[in-house]
Every structure is written in C-alpha cells, then in structure tokens.
Amino acid sequence: QLQLVESGGGLVQPGGSLRLSCKASEFNYAIGWFRQALGKERVGLSCISGGGGTRAYADSVKGRFTISRDHASNTVFLQMNNLKPEDTGRYYCARGAYEFCSGYDPHEYTNWGQGTQVTVSS
C-alpha cells in the first residue's frame, strides 16, 4: 500500500514562500495536495498526474503555487509563493484513484499522510 509523508511546513509572513514535500513509497497514481484550516473542510489545491505530464490548480492558488514531482526520489513538491493569511492550514498529500487527476473531492483520494502545518501571519 502506498505511504505518503508530508514535510516542509512552517511559519511565514505574508508574501513569503515555502516548499512542501510529499514523499511516497512508490509512484503510479496522481497525487493531490489539500489544505484543511481549523474548523473547515479539506480543500483540494493542486494535482499532478502519475507520469507528471498533467498539472492542475485550484483557482485560489493559480499563479502562486507550482506542483512538480521527482521520480528518482518518489517525491511530489508544492512550491508556494506569495503566501496569504488565507493559505494557513494543515497541508496533506493523497493518492488519487487513477493515473490522471479526476478532481478535488477528498473522498476520491486515499493514503493520506499526517500533514504539515503552514501558518501565514504577520
């Protein structure tokens, strides 16, 4: 079974940057990044296909976040630039049901990691 481990979160001021990592035991399926703020639902932010050829972003992060993957290390990255306070939350990566990204419904993803906290505050 695929195992995912997130890292790279921290405290950053508005306008700053962070790079999150999602370390996987193996890559065969799409990987999505999600954020869950305190008291909020888990929201999909980005997804990359199993082969890395297709990348998708939610409107809230387009132009600011970039998803990528390194097959040699089985790692998916989320580069986050121009961070805003509303980006605050716990970030998770998860495996999609297929090689391609089918959407951002959390119920369609499995093998969730424990997440990494991102706090954007002045």
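Numbering starts at 1 and runs along the sequence shown. Small disclaimer: the values here were computed from a predicted structure and weren't measured.
For Glu6 (side chain) and Gln114 (main-chain N/O), a donor-acceptor pair under 3.5 Å exists by modelled atom type. In this structure a side-chain-to-backbone donor-acceptor pair under 3.5 Å is present from Ser46 to Ala56. Judged purely by atom type and a 3.5 angstrom limit, Arg90 uses its side chain to pair as donor or acceptor with the backbone of Gly115. Checking side-chain atoms of Thr88 against main-chain N and O of Val120 turns up a donor-acceptor pair under 3.5 Å.
Once rounded to the nearest 0.5 Å, the distance linking SG of Cys47 with CZ of Arg55 reads 12.0 Å. Atom-to-atom distance recorded for Gln3:CD and Asn111:CG is 8.5 Å, nearest 0.5 angstrom. Atoms CD and OG1, from Glu99 and Thr54 in turn, are 7.0 Å apart once rounded to the nearest 0.5 Å. For the atom pair Ile31 CD1 and Ile48 CD1, the distance stands at 9.5 Å (nearest 0.5 Å). The CE atom of Met80 sits 3.5 Å away from the CG atom of Leu20 when rounded to the nearest 0.5 Å. Taken to the nearest 0.5 Å, the CZ atom of Arg42 stands 12.5 Å off from the CZ atom of Arg35.
In this structure, the salt bridge (charged side-chain N to carboxylate O under 4.0 Å, His left out) partners of Asp59, at least two apart in sequence or on a different chain, are Lys62. Contacts of Arg64 classified as side chain to side chain donor-acceptor pair (under 3.5 Å), with partners at least two apart in sequence or in another chain: Asp87.
One hydrophobic cluster, built from ILVMFWY side chains closer than 4.5 Å, cannot hold both Tyr104 and Leu4; they sit in different ones. In this structure, Phe65 is a member of the same hydrophobic cluster as Val76, with clusters built from ILVMFWY side-chain heavy atoms closer than 4.5 Å. Side-chain heavy atoms closer than 4.5 Å link hydrophobic residues (I, L, V, M, F, W, Y) into clusters, and following such links, possibly through other members, connects Leu78 to Leu18. There is no path of hydrophobic side-chain contacts, each under 4.5 Å, that joins Tyr57 to Tyr109. Cluster membership check: Tyr92 does not share its hydrophobic cluster with Trp33, using side-chain heavy-atom separations under 4.5 Å among Ile, Leu, Val, Met, Phe, Trp and Tyr.
Scanning all heavy atoms of the two residues, the minimum distance from Gly89 to Tyr91 falls at O-CD1, 3.4 Å. Nearest heavy-atom pair, Ser17 versus Asn81, reported as atom, atom and distance to 0.1 Å: OG-OD1, 2.9 Å. Among all heavy-atom pairs drawn from Pro14 and Ser122, the shortest one is CD-N, 3.6 Å. Residue Thr116 comes nearest to Gly8 through the heavy atom pair OG1-N, 3.9 Å, listed as atom of the first residue, atom of the second, then distance. Here the closest non-hydrogen pair linking Asp70 and Ser73 is OD2-OG, 2.6 Å. Considering all non-hydrogen atoms of both residues, Ser49 and Gly53 come closest at OG-N, 3.2 Å.
Classification of the Phe34-Trp112 ring pair by plane angle, with boundaries at 30° and 60°, yields perpendicular.
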